[in-house]
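This one's a predicted model, so the numbers in the text were calculated from it and none came from an experiment.
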Amino acid sequence: MATLPLLPNAAPKLVGIARLASQGESLKEGHNVEYFTLPVRSILNRCTVERMPFTWTINPYRGCEFACKYCYARYTHEFMEMRDGVDFEQKIYVKQHAANLLRQELRQVKPGEEIAIGTATDPYQPAEKRSEVTRGLLEEFTLHRGLDLGIITKSNLILRDTELLQKIASHNRLHVSITITTLDVELARLLEPRAPRPDLRLEAVRKLNEAGVSTGVSCAPVIPAITDSPKELDKLVKAVAQAGGRHIFANPLFLKPCSAAVFMPFLKQQFPHLADNYAQRYGDRAYLPKTYHERISQLMRKLRQKYGINSRMEWTRESIPHQLLPDEQMNLF
């Protein structure tokens, strides 16, 4: 009896962002990092998580070269059918026509709805030096007024755009958060291999506030038994206050499966004495117990009171009525 010929394995059909990523063109390579274009259809994303303080998010890039070992956003590459967590830091996608898309999509934003820039990937990572996607977005924001904007980054490259931030703040409400998890340069190099040094980030806090741009610090994540000692957090809050930081807040480390796949092997290699501790803490859960969160919250509250610094992000300006500038009216047509 003759056998039927075997059919070739059909490749799965790519859809959505995975299909767009597959169409991206290679820009360049360097330091084991590849850069690609990403022809996206939208730049403004509605946040559906109720506990978040913002309504809209913008991430100018997919993937982040800073390669932070604890990064929670590695899962975002899985939407592009990339399952290796390391792809997140080695394959960086540069979103195309972002400013033009923003101009069209800002019509959806209602007064009082905050737009957060850099919630998943850093808007000032190394790719920004050449691609200037974030700068293009800021240039568009200078043409609008009455918006609520927040930016979060680990990079002092944000200082390049100080004048744009000042222009935005003159007609909108704006705050910036610089992420600093530790002042220890060597520890930071282990945890955040390609991010700027902590002292450079503190200097960015100082310079932005001197320029009139309300800036503080995000101490997130707080990493158990590595960065969470009262002594180290005291040093950090004191340094932020001395740099003129307007706020500081902290959130404990959480490890979703995509993050744990990178962080746990790193922990075993660099902090082997903590391996069992973390296996117990995170073995069957992503989040630490409520008691740990409360301990960190109470400690940070005392430190903020000690050094006279706020927990909440302060706007650079008070709220102003939403209205279009004359040039904007033309942009609607």
Side-chain angles (χ1 to χ4, degrees), residues 43 54 56-61 64-66 94-95 98-99 102-103 106 114-119 121-181 183 188 192 194-219 236 239-249 309-310 312-320 325 327-328:
I43 195 68
F54 41 79
W56 302 93
T57 65
I58 295 177
N59 290 289
Y61 303 91
C64 185
E65 191 177 340
F66 286 159
V94 181
K95 295 184 179 180
L102 178 64
R103 184 178 304 119
L106 277 177
E114 182 178 346
I115 302 171
I117 304 172
T119 53
T121 62
D122 202 297
Y124 286 100
Q125 60 179 287
E128 172 64 17
K129 292 180 182 179
R130 189 169 84 105
S131 301
E132 296 192 345
V133 180
T134 301
R135 183 172 178 84
L137 294 169
L138 296 184
E139 288 172 344
E140 178 61 31
F141 279 125
T142 64
L143 303 177
H144 301 263
R145 63 171 67 222
L147 297 172
D148 293 351
L149 303 171
I151 302 174
I152 187 162
T153 179
K154 282 188 176 78
S155 179
N156 58 332
L157 179 60
I158 192 174
L159 294 174
R160 178 200 65 186
D161 295 337
T162 299
E163 290 186 8
L164 287 175
L165 295 172
Q166 290 173 319
K167 289 180 181 179
I168 292 169
S170 68
H171 296 294
N172 302 276
R173 301 204 304 172
L174 170 69
H175 62 74
V176 174
S177 293
I178 308 291
T179 298
I180 305 175
T181 57
L183 295 179
E192 305 150 353
R194 292 193 285 275
R197 298 193 318 263
D199 58 301
L200 296 177
R201 297 180 229 172
L202 271 177
E203 183 67 3
V205 173
R206 183 183 66 79
K207 288 184 176 180
L208 286 174
N209 279 300
E210 288 177 350
V213 178
S214 180
T215 304
V217 165
S218 163
C219 178
L236 177 57
V240 172
Q242 291 176 338
R246 303 292 293 273
H247 65 264
I248 184 169
F249 60 89
I309 192 169
N310 296 314
R312 290 189 173 185
M313 292 165 277
E314 294 184 355
W315 301 107
T316 299
R317 284 175 58 89
E318 295 300 319
S319 180
I320 55 179
L325 295 172
D327 289 344
E328 292 177 69

**Request:** For residues Cys219 and Leu236, report the shortest heavy-atom separation together with the two atoms involved.
**Result:** SG-CD2, 3.6 Å
**Fill in**
When every non-hydrogen atom of Pro126 is compared with those of Glu65, the smallest separation belongs to CB-OE1, 3.4 Å
**Asked** Can you tell me how far CD of Glu203 sits from CG of Asn156, rounded to the nearest 0.5 angstrom?
**Response** 9.0 Å
**Asked** Would Thr215 and Lys207 count as a side-chain contact (heavy atoms from CB on, under 4.5 Å) if you check the C-alpha gap in whole Å, the side-chain angles of each, and the deciding distance to 0.1 Å?
**Response** CA-CA 9 Å; Thr215 304; Lys207 288 184 176 180; over 6 Å; no
**Item:** Sub-4.5 Å side-chain heavy-atom contact between Ile158 and Leu165
**Value:** yes
**Message:** Nearest 0.5 angstrom please: Lys154 NZ to Arg194 CZ, how far?
**Reply:** 13.0 Å
**Prompt:** To the nearest 0.5 Å, what is the distance between CD1 (Ile178) and OG1 (Thr153)?
**Reply:** 5.5 Å
**Request:** Side-chain contact test, heavy atoms from C-beta onward, threshold under 4.5 Å: evaluate it for Arg135 versus Leu164 and give yes or no.
**Result:** yes
**Side chain to side chain, Gln125 and Phe66, heavy atoms closer than 4.5 Å** = yes
**Item:** Any Leu138 side-chain heavy atom under 4.5 Å of Ile151 side chain
**Value:** yes
**Request:** Would you check if Tyr61 and Pro123 make a side-chain contact, meaning some heavy-atom pair closer than 4.5 Å?
**Result:** no
**Complete:** Rounded to the nearest 0.5 Å, the CD1 atom of Ile168 sits from the CZ atom of Arg145 at a distance of 13.5 Å
**Complete:** Ala239 meets the side-chain contact (heavy atoms from CB on, under 4.5 Å) criterion, sequence neighbours left out, with Leu183, Leu202
**Message:** Would you say that Ile117 contacts Phe141 through its side chain, given a criterion of any heavy-atom pair below 4.5 Å between the two side chains?
**Reply:** yes
**Prompt:** Can you name the side-chain contact (heavy atoms from CB on, under 4.5 Å) partners of Arg197, sequence neighbours left out?
**Reply:** Val185, Arg189, Asp199, Leu200
**Asked** Mind checking whether Ile115 and Leu106 have side chains closer than 4.5 Å, heavy atoms only?
**Response** yes
**Straight-line distance of Thr142 OG1 to His171 NE2, nearest 0.5 Å** = 9.0 Å
**With sequence neighbours excluded, residues passing side-chain contact (heavy atoms from CB on, under 4.5 Å) with Leu157** = Tyr124, Glu128, Lys129, Ser155, Arg160
**Prompt:** With sequence neighbours excluded, what pairs up with Asp122 under the salt bridge (Lys or Arg N to Asp or Glu O under 4.0 Å) test?
**Reply:** none
**Request:** Would you please name every residue forming a side-chain contact (heavy atoms from CB on, under 4.5 Å) with Gln166, sequence neighbours left out?
**Result:** Thr162, Glu163, Ala211, Val213
**Prompt:** Distance-only, no hydrogens or angles: does the Asn209 side chain make a donor-acceptor pair with backbone N or O of Ala243 under 3.5 Å?
**Reply:** no
**Message:** Rounded to the nearest 0.5 Å, what separates atom NZ in Lys167 from atom CG in Leu174?
**Reply:** 14.5 Å
**Request:** Search all heavy atoms of Thr121 against all heavy atoms of Cys64 and return the closest pair with its distance.
**Result:** CB-CB, 4.3 Å
**Request:** Sequence neighbours left out, what passes side-chain hydrogen bond (donor to acceptor under 3.5 Å, both in side chains) with Glu132? Give chain and number order.
**Result:** none
**Message:** Between Arg246 and Asn310 (side chain of the first, backbone of the second, donor and acceptor by atom type, cut-off under 3.5 Å), is there such a pair?
**Reply:** no
